[in-house]
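For reference, the structure discussed in these notes is given below.
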Amino acid sequence: MLDNKCVFCKILRGEIPSAKVYEDDEMLVFKDIEPKAKVHLLAVPKDHFKLLADMDETRAKVLSHMLAKIPQIAAQNGCTNGYRLVINQGDDAGQTVFHLHIHILGGENLPW
Ligand code: AMP
Ligand code: ZN
């Protein structure tokens with residue numbers, strides 16, 4: 001299910017543009033609009049939910065599929081020497097988009 005107001009659902013519906021790098025039946029990967037590293041991609045499931053705490057068995061399978069695909073997608077987009085995955089969860093993490101997403105950061109030696 002998608003959400004009418006969610007920016008990532010709008011991207012999934014094609015209502016706003018994004019720089020897509022990978023898509024299949026379960027997920028979309030596109031470039032972050034405000035990159036925090038030389039390579040900064042966002043991997044999103046094609047289902048609107050905010051938190052890992054909202055996961056059920058179906059969503060867990062999608063997440064597992066996403067994690068399995070990410071190494072190849074990262075390598076093909078310039079993360080040839082490692083990368084970092086980040087999933088912000090809720091207010092203390094500064095989550096700003098309430099559609100679960102995996103940040104893929106790399107392409108350079110990352111601080112911290
Ligand atoms: P988070 O703080 O984990 O919720 O991350 C949300 C991310 O979405 C931020 O890094 C934003 O730069 C990114 N973002 C917000 N709107 C867009 C958009 N229209 N296209 C691409 N990335 C976006
Ligand atoms: Zn959404």
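Counting starts at 1 for both ligands and their atoms, in listed order.
- Heavy atoms of K10 come nearer than 4.0 angstrom to ligand 1 in no pair at all.
- Note that SG of C9 and CE of M1 are 10.0 Å apart. Values are rounded to the nearest 0.5 Å.
- Considering backbone and side-chain N/O of V7, none are found under 3.5 Å from N/O of ligand 1.
- Under the 4.0 Å criterion applied to side-chain N and carboxylate O atoms, E23 and K46 are assigned as salt-bridge partners.
- Among all non-hydrogen protein atoms, the one lying nearest atom 4 (O) of ligand 1 is T96 N, 2.7 Å.
- Ligand 1 places these atoms under 4.0 Å from at least one heavy atom of N88: 1 (P), 2 (O), 3 (O).
- Atoms ND1 of H48 and SG of C9, as seen from the Zn ion (ligand 2), are separated by an angle of 110°, to the nearest 10°.
- Contact record, V29 with A43: CG2-CB, 4.0 Å, taken as the closest heavy-atom pair.
- At most 12 heavy atoms of other shown residues, nucleotides or ligands fall within 6.0 angstrom of atom NZ in K5.
- We find the CD1-CD1 distance between I33 and I16 to be 7.5 Å, quoted to the nearest 0.5 Å.
- Per-residue contacts place K36 under 4.0 angstrom from the following atoms of ligand 1 (heavy atoms of the residue considered): 9 (C), 10 (O), 12 (O).
- Polar contact check, Q95 against ligand 1: no nitrogen or oxygen pair lies under 3.5 Å apart.
- Atom CG of residue N88 and atom CZ of residue F98 lie 11.0 Å apart, to the nearest 0.5 angstrom.
- In this pair, H40 and H103 present their aromatic rings tilted. The plane angle is within the 30 to 60° band.
- Contact atoms of ligand 1 toward E34: 12 (O) (distance under 4.0 Å to a heavy atom of the residue).
- Taking only nitrogen or oxygen atoms, main chain and side chain alike, H40 does not reach within less than 3.5 Å of ligand 1.
- Note: an N/O pair closer than 3.5 Å links G94 and ligand 1 by distance alone.
- Close approach of ligand 1 to K31 is summarised as follows: ligand atoms under 4.0 Å from at least one heavy atom of the residue are 21 (C).
- Here the heavy atom of the protein found nearest to atom 17 (C) of ligand 1 is I33 CG2, 3.7 Å.
- Atom CD of E15 sits in a crowded spot, with more than 12 heavy atoms from other residues, nucleotides or ligands closer than 6.0 Å.
- The closest protein non-hydrogen atom to atom 7 (C) of ligand 1 is D32 OD2, 3.5 Å.
- From the protein, the heavy atom lying nearest to atom 1 (P) of ligand 1 is H101 NE2, 3.1 Å.
- Summary: ND1 is the N/O/S atom of H99 found nearest to the Zn ion (ligand 2).
- Of all the heavy atoms in L52 and Q89, the pair that sits closest is N-OE1, 2.7 Å.
- Here F98 has no heavy atoms under 4.0 Å from ligand 1, in either its backbone or its side chain.
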